Student: 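Once you've had a glance at the structure underneath, I'll fire off some questions.
Model, not experiment: these values are computed from the prediction. For reference, positions follow the sequence shown, starting with 1.
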Amino acid sequence: MIDNQDELLRRIHNDLMDGYDEEIEMEIEDRHIDELSSGLDPADLASQKESRRVYFRELFRLQAELVKLQDWVVATGHKVVIVFEGRDAAGKGGVIKRITQRLNPRVCRVVALPAPNDRERTQWYFQRYVPHLPAGGEIVLFDRSWYNRAGVEKVMGFCTDEQYEAFFRDVPEFEKMLTRSGIQLIKYWFSISDEEQELRFLGRIHDPLKQWKLSPMDLESRRRWELYTKAKEVMIARTHIPESPWWVIPADDKKKARLNCISHLLSQMNYSEIERPPITLPERVRHEGYRRHQVPGEIYVPELY
């Protein structure tokens with residue numbers, strides 16, 4: 001818990017600034033955000049600017065390496081599954097966004113399945129995940145995965161004790177099957193503190209652009225923090241196998257977590273740069289009889305900006 005009100009407001013401010021940074025990262029051009037930092041101590045402002053500069057420099061460098069990795073995956077027909085798990089507001093979506101930001105969505109895609117419907121609840125538990133597994137030359141990122149059963153379903157009572165135990169009997173064999181089929185499986189757990197999760201939830205409450213991220217399940221997870229902790233400990237202990245070990249990422253600092261995750265991901269594959277053939281833009285072919293038809297003015301989008 002954060003008892004000091006000034007400290008709480010400062011932390012919420014920094015969290016909101018991180019949200020603005022997320023949008024800035026979508027553009028290469030440098031932007032001035034002094035107006036977002038009005039009222040801050042000049043030394044703090046200078047420190048923030050320097051940390052952003054270092055962060056963006058490393059992010060763009062790592063994203064360039066991800067492009068090389070993507071080319072290598074396509075060229076070699078490698079198959080990769082990356083599982084992202086962690087508490088609500090731990091930053092899984094943020095790192096997934098940075099990984100996919102510069103990549104071809106036909107090569108690297110995200111799977112974020114909703115709650116199972118009535119039919120899916122009667123299927124073999126892993127069945128609805130199987131169609132999303134990669135073919136050769138593809139990378140699939142699971143924003144939550146079959147480990148829902150070990151976490152939210154256990155804590156919230158959405159599965160029986162028998163189903164829970166059956167999951168732990170089956171999941172090592174399921175993951176061994178994946179690796180034997182040539183799929184490289186990488187599993188990340190994003191770890192945040194009780195205090196940091198509270199801060200991020202408060203930030204979402206105070207930011208109208210992020211309130212949609214707060215579901216009743218997220219709010220209930222705050223009350224059941226200790227149950228989620230126990231469930232996570234059991235999950236890692238029972239599913240940390242040589243074929244698909246868990247990797248834990250401290251995520252109280254979102255920017256460091258993103259960089260550390262991407263850097264580690266790159267280290268998991270012995271990729272090399274694939275030479276691209278030179279690209280020459282062909283001349284446009286022009287025909288004497290071609291005439292461009294006039295587009296009706298009423299179907300143009302109004303130029304408000």
Student: Are F60 and L69 connected into the same hydrophobic cluster when the rule is that any two of I, L, V, M, F, W, Y join if their side-chain heavy atoms are below 4.5 Å apart?
Tutor: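 Both belong to a single hydrophobic cluster.
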Student: Would you name the heavy atoms of L59 and R98 that are closest together and state the gap between them?
Tutor: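 Scanning both residues, the minimum pair turns out to be CD1-CG, 3.7 Å.
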Student: How many angstroms lie between CD in E65 and CD1 in I262, if you round to the nearest 0.5 Å?
Tutor: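 Rounded to the nearest 0.5 Å, the CD-CD1 separation comes to 11.5 Å.
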Student: If I take atom CZ from residue R109 and atom CG from residue L141, how far apart are they, to the nearest 0.5 angstrom?
Tutor: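 Nearest 0.5 Å value for the CZ-CG distance: 10.0 Å.
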Student: Could I get the full list of salt bridge (charged side-chain N to carboxylate O under 4.0 Å, His left out) partners for R144, not counting sequence neighbours?
Tutor: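 Partners of R144 by the salt bridge (charged side-chain N to carboxylate O under 4.0 Å, His left out) criterion, ordered by chain and then number, come out as E85, D88.
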Student: Please name all residues satisfying ring pair (Phe, Tyr, Trp, His ring centres under 6.0 Å) with W246, sequence neighbours left out, ordered by chain then number.
Tutor: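 Partners of W246 under the ring pair (Phe, Tyr, Trp, His ring centres under 6.0 Å) test: Y147.
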Student: One thing to verify: whether E220 and R223 come together as a salt bridge, which I'm taking to mean a side-chain N less than 4.0 angstrom from a carboxylate O.
Tutor: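 Yes, this pair counts.
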Student: Using a 4.5 Å cut-off on heavy atoms from C-beta on, say whether the side chain of Q163 contacts that of F167.
Tutor: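 No. Closest side-chain heavy atoms not under 4.5 Å.
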Student: Take a 6.0 Å sphere around CD of E233 and say whether it holds more than 12 heavy atoms from other residues, nucleotides or ligands.
Tutor: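 Above 12, so yes.
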Student: Looking only at heavy atoms, which two atoms of G86 and K92 are closest? And how far apart?
Tutor: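 Here G86 and K92 meet closest at O-NZ, 3.4 Å.
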Student: Is the shortest heavy-atom distance from the side chain of L103 to the side chain of V67 under 4.5 Å?
Tutor: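 Sidechains of V67 and L103: in contact.
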Student: Establish whether V95 and I139 are linked, either directly or via other cluster members, by ILVMFWY side-chain heavy-atom contacts under 4.5 Å.
Tutor: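 Looking at the clustering, I139 is in the same group as V95.
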Student: Please name all residues satisfying ring pair (Phe, Tyr, Trp, His ring centres under 6.0 Å) with H264, sequence neighbours left out, ordered by chain then number.
Tutor: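 H264 satisfies ring pair (Phe, Tyr, Trp, His ring centres under 6.0 Å) with Y188, W247 only.
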Student: Where the side chain of E138 meets the backbone of V107, is there a donor-acceptor pair that is under 3.5 Å apart?
Tutor: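 Such a contact is absent between E138 side chain and V107 backbone.
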Student: Yes or no on side-chain hydrogen bond (donor to acceptor under 3.5 Å, both in side chains) for Q197 and R222, after CA distance, side-chain angles and deciding distance?
Tutor: CA-CA 8 Å; Q197 188 190 55; R222 281 296 299 162; 3.1 Å; yes
Student: For the CZ atom of R106 and the CG atom of N104, what is their distance to the nearest 0.5 Å?
Tutor: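 One gets 6.0 Å once the value is rounded to the nearest 0.5 Å.
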Student: Which atom pair, heavy atoms only, marks the closest approach of R224 to V155?
Tutor: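 Closest pair (atom of R224, atom of V155, distance): NH1-O, 2.9 Å.
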Student: Please lay out, stage by stage, how W146 and E175 fare under the test side-chain hydrogen bond (donor to acceptor under 3.5 Å, both in side chains).
Tutor: CA-CA 11 Å; W146 45 88; E175 294 182 356; 3.0 Å; yes
Student: Would you check, one step at a time, whether the test side-chain hydrogen bond (donor to acceptor under 3.5 Å, both in side chains) holds for Q268 with Q184?
Tutor: CA-CA 9 Å; Q268 296 303 292; Q184 182 176 2; 5.1 Å; no
Student: Applying a strict under-4.5 Å side-chain criterion to I, L, V, M, F, W and Y, I'd like to know whether I96 and I249 cluster together.
Tutor: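 Both belong to a single hydrophobic cluster.
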Student: Write down the atom of F84, the atom of I99, and the distance for their closest heavy-atom approach.
Tutor: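 Closest approach of F84 to I99, heavy atoms only: CZ-CD1, 3.8 Å.
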Student: Is there a path of hydrophobic side-chain contacts, each under 4.5 Å between heavy atoms of I, L, V, M, F, W or Y residues, that connects V110 with I186?
Tutor: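 Same cluster.
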Student: Can you check whether S181's main-chain N or O pairs, donor with acceptor, with K79's side chain at less than 3.5 Å?
Tutor: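 The answer is yes, because a donor-acceptor pair under 3.5 Å joins these two groups.
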Student: Determine the minimum heavy-atom distance between S191 and V248, stating which atoms define it.
Tutor: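 The pair with the smallest heavy-atom distance is CB-CG1, 4.0 Å.
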Student: Restricting to ring pair (Phe, Tyr, Trp, His ring centres under 6.0 Å), what partner residues turn up for F168, sequence neighbours left out?
Tutor: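 Once residues adjacent in sequence are excluded, the partners of F168 under the ring pair (Phe, Tyr, Trp, His ring centres under 6.0 Å) criterion are Y164.
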Student: Do V234 and W225 sit in one hydrophobic cluster, given that two such residues count as connected whenever their side-chain heavy atoms are within less than 4.5 Å of each other, even indirectly?
Tutor: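 In one cluster: no.
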Student: Could you check if a side-chain atom of M156 sits within less than 4.5 angstrom of a side-chain atom of Y228, using non-hydrogen atoms only?
Tutor: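 Side-chain contact under 4.5 Å: yes.
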Student: Side-chain contact test, heavy atoms from C-beta onward, threshold under 4.5 Å: evaluate it for V171 versus R149 and give yes or no.
Tutor: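 Of all side-chain heavy-atom pairs linking R149 with V171, none is under 4.5 Å.
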Student: Starting at NE2 of H240, measure out to CE of M235 and round the result to the nearest 0.5 Å.
Tutor: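 Reported to 0.5 Å precision, the distance equals 11.5 Å.
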Student: Below 4.5 Å, heavy atoms only, C-beta onward: do V54 and E50 meet side chain to side chain?
Tutor: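 V54 reaches E50 side chain to side chain.
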Student: Apply the test side-chain hydrogen bond (donor to acceptor under 3.5 Å, both in side chains) to residues S221 and D218: give CA-CA distance (whole Å), side-chain angles for both, the deciding distance (0.1 Å), then the verdict.
Tutor: CA-CA 5 Å; S221 71; D218 295 334; 5.3 Å; no
Student: Would you compute the distance between atom CH2 of W212 and atom CZ of R204 and round it to the nearest 0.5 angstrom?
Tutor: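 It is 8.0 Å, given to the nearest 0.5 Å.
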Student: So, for L62 and L259, which heavy atoms are closest and what is the spacing to 0.1 Å?
Tutor: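 Between these two residues, the closest heavy atoms are CD1-O, 3.7 Å.
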Student: May I ask you to test the V130-L133 pair for a side-chain heavy-atom distance under 4.5 Å?
Tutor: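 The answer is yes, as the side chains (C-beta and beyond) meet within the 4.5 Å cut-off.
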Student: Tell me every residue that passes ring pair (Phe, Tyr, Trp, His ring centres under 6.0 Å) with Y271, counting only those two or more places apart in sequence or in another chain.
Tutor: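 So Y271 forms no ring pair (Phe, Tyr, Trp, His ring centres under 6.0 Å) with any residue.
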Student: So does E165 pair up with R238, basic N to acidic O under 4.0 Å?
Tutor: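 Salt bridge present between E165 and R238.
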Student: State, with a plain yes or no, whether a side-chain heavy atom of V81 is found less than 4.5 Å away from one of P134.
Tutor: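 Touching, per the 4.5 Å side-chain cut-off.
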Student: Hey, what do you get for CG (L265) to CG (N260), rounding to the nearest 0.5 Å?
Tutor: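 The distance works out to 12.5 Å.
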Student: Between R200 and E196, does any NZ, NE, NH1 or NH2 come within less than 4.0 Å of an OD or OE carboxylate oxygen?
Tutor: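 A salt bridge is present here (some side-chain N lies under 4.0 Å from a carboxylate O).
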Student: Mind jotting down which residue pairs meet the side chain to side chain donor-acceptor pair (under 3.5 Å) criterion with at least one end in residues 115-132? Sequence neighbours excluded, please.
Tutor: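 Sorted pair list: D118-R121.
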